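Following: one structure in structure tokens, then a few remarks.
As the structure is a prediction and not an experimental result, all values here were calculated from the model.
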Amino acid sequence: MGGLCSCLEDDQDPDERSALVSGRPSGTVGRTNASSSTTFSKNHCPEEFWVPDEEASECQYCRQGFSATNRRHHCRMCGDVFHGGNCSTPRGPTEHRVWVCKFCYDFYQKYKTTLYAGAQFILHQQDDVSETVVLKVEGEGVSMSVRWTPTKQTLKRKMMRDQQFIMLQDVTGIEAGASIARPGDTSCCFHIMSARSIVTLEALSYGSQQDWLAGLKSAVFVCREDCRLLAAQKEAHVLQRAERQKVRGEAKRKRQASAENIVGKYRDRPRRS
């Protein structure tokens with residue numbers, strides 16, 4: 001596992017993955033800008049891309065099973081399955097209410113503007129060096145990443161030169177925890193964990209820590225669901241293309257058979273003596 005200030009795939013910028021987003025349905029998640037308001041609509045995630053009921057054994061938010069009283073509800077933003085009540089609830093205008101999960105609601109309505117605007121944090125490293133950085137979320141859809149850049153004071157001290165990032169789809173966990181410098185202090189610190197690194201950050205206030213914990217968790221879920229939707233769309237496109245090729249092949253064989261039949265009749269007709 002790399003150092004606490006290391007990042008995933010330093011040689012790959014999130015902009016290189018943004019090309020994957022092209023060609024998605026206009027309703028998939030993660031397509032709006034940070035400054036724009038999101039209108040919840042049943043067209044955000046087409047029904048053919050919903051997670052099937054037989055594949056959903058538990059709610060994706062509370063991780064509890066379904067029953068006759070805790071029924072399944074599909075989020076119209078991401079297509080995943082949740083309980084009603086605290087996990088998902090109808091949102092939007094009275095005449096056009098749709099089911100939206102808490103992850104999507106929190107991300108689009110509560111935290112997206114905050115995450116994209118960024119905030120200052122203290123980055124803790126293994127060598128007991130603390131650096132002030134600006135943390136923010138950048139990109140859209142499958143190209144969403146959490147990026148931290150040095151502040152002007154840090155640049156003057158030449159403690160950090162390059163900005164670093166982690167793709168949200170590679171994040172394996174986000175949780176509150178103690179810092180390296182103060183192992184017993186968990187008041188304002190949290191960890192962003194991935195397969196290759198663990199980044200430890202300290203917020204300037206407890207409220208900021210709680211907002212970023214909840215916001216990053218919702219952003220990670222939205223990004224993963226966007227990846228699932230993109231993969232499902234690609235699979236549907238491949239199947240549709242194969243079906244079109246099959247239809248064209250059958251039509252071509254019918255034309256060839258008809259042409260051979262006509263040629264055969266012409267050859268077999270009696271000739272005049």
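To the nearest 0.5 Å, atoms OG (Ser57) and CD (Gln64) are separated by 11.5 Å. One finds the CE atom of Met144 at 14.0 Å from the CD1 atom of Ile166 (value rounded to the nearest 0.5 Å). Separation of atoms CZ (Phe165) and NZ (Lys136) is listed at 15.0 Å; rounding is to 0.5 Å. Atom-to-atom distance recorded for Cys223:SG and Leu216:CG is 11.5 Å, nearest 0.5 angstrom. In this structure, CD1 in Ile122 is found 13.0 Å from CG in Leu135, a value given to the nearest 0.5 Å. Note that CG of Asp80 is 7.5 Å distant from SG of Cys101, once rounded to the nearest 0.5 Å.
Between Arg253 and Glu250 there is a side-chain heavy-atom pair separated by less than 4.5 Å. Contact annotation: the side chain of Leu115 never approaches that of Val146 to less than 4.5 Å [non-hydrogen atoms, C-beta and beyond]. Annotation: side chain of Leu201 is in contact with side chain of Val133 (closest heavy-atom distance under 4.5 Å). Counting heavy atoms from C-beta on, the side chains of Phe121 and Gln209 never come closer than 4.5 Å. A 4.5 Å side-chain heavy-atom check between Asn86 and Lys102 finds every atom pair outside the cut-off. Side-chain contact check for Val98 versus Met77: every heavy-atom pair is 4.5 Å or farther apart. Side chains of Val51 and Arg228 form a contact here, defined as non-hydrogen atoms less than 4.5 Å apart. Val81 has its side chain out of reach of Trp50: every pair of non-hydrogen atoms, C-beta onward, lies at least 4.5 Å apart.
Under the rule for a side chain to side chain contact (heavy atoms under 4.5 Å, CB included), the partners of His73 that lie at least two apart in sequence or sit in another chain are Arg71, Ser88, Trp99.
Phe221 shares a hydrophobic cluster with Tyr61, Phe82, Phe103; the chain of contacts runs through ILVMFWY side chains whose heavy atoms sit under 4.5 Å apart.
Around the CZ atom of Arg241, the shell of radius 6.0 Å holds no more than 12 heavy atoms that belong to other residues, nucleotides or ligands. Around CD of Glu235, the count of heavy atoms belonging to other residues, nucleotides or ligands within 6.0 Å does not exceed 12.
Here the shortest heavy-atom pairing between Cys45 and Leu229 reads SG-CD2, 3.6 Å. Counting all heavy atoms, side chain and backbone alike, Gln169 lies closest to Arg224 at O-NE, 4.4 Å.
Distance alone, capped at 3.5 Å, is enough to place a donor-acceptor pair between the Arg97 side chain and the Pro90 backbone. Checked by atom type and distance alone, the side chain of His83 pairs as donor or acceptor with a backbone atom of Gly65 at under 3.5 Å.
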Met193 and Glu175: CA distance, side-chain angles, deciding distance, side chain to side chain contact (heavy atoms under 4.5 Å, CB included) verdict: CA-CA 8 Å; Met193 295 170 287; Glu175 62 182 24; 3.6 Å; yes

Derivation and outcome, side chain to side chain contact (heavy atoms under 4.5 Å, CB included), residues His237 and Gln233: CA-CA 6 Å; His237 177 72; Gln233 186 202 8; 5.6 Å; no

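Val134 and Tyr116 fall into different hydrophobic clusters, where Ile, Leu, Val, Met, Phe, Trp and Tyr side chains are chained together by heavy-atom contacts under 4.5 Å. Side-chain heavy atoms closer than 4.5 Å link hydrophobic residues (I, L, V, M, F, W, Y) into clusters, and following such links, possibly through other members, connects Leu213 to Tyr105.
For the pairing with Ile192, the side chain to side chain contact (heavy atoms under 4.5 Å, CB included) check across Val171, Ile198, Val220 returns one residue only, Val171.
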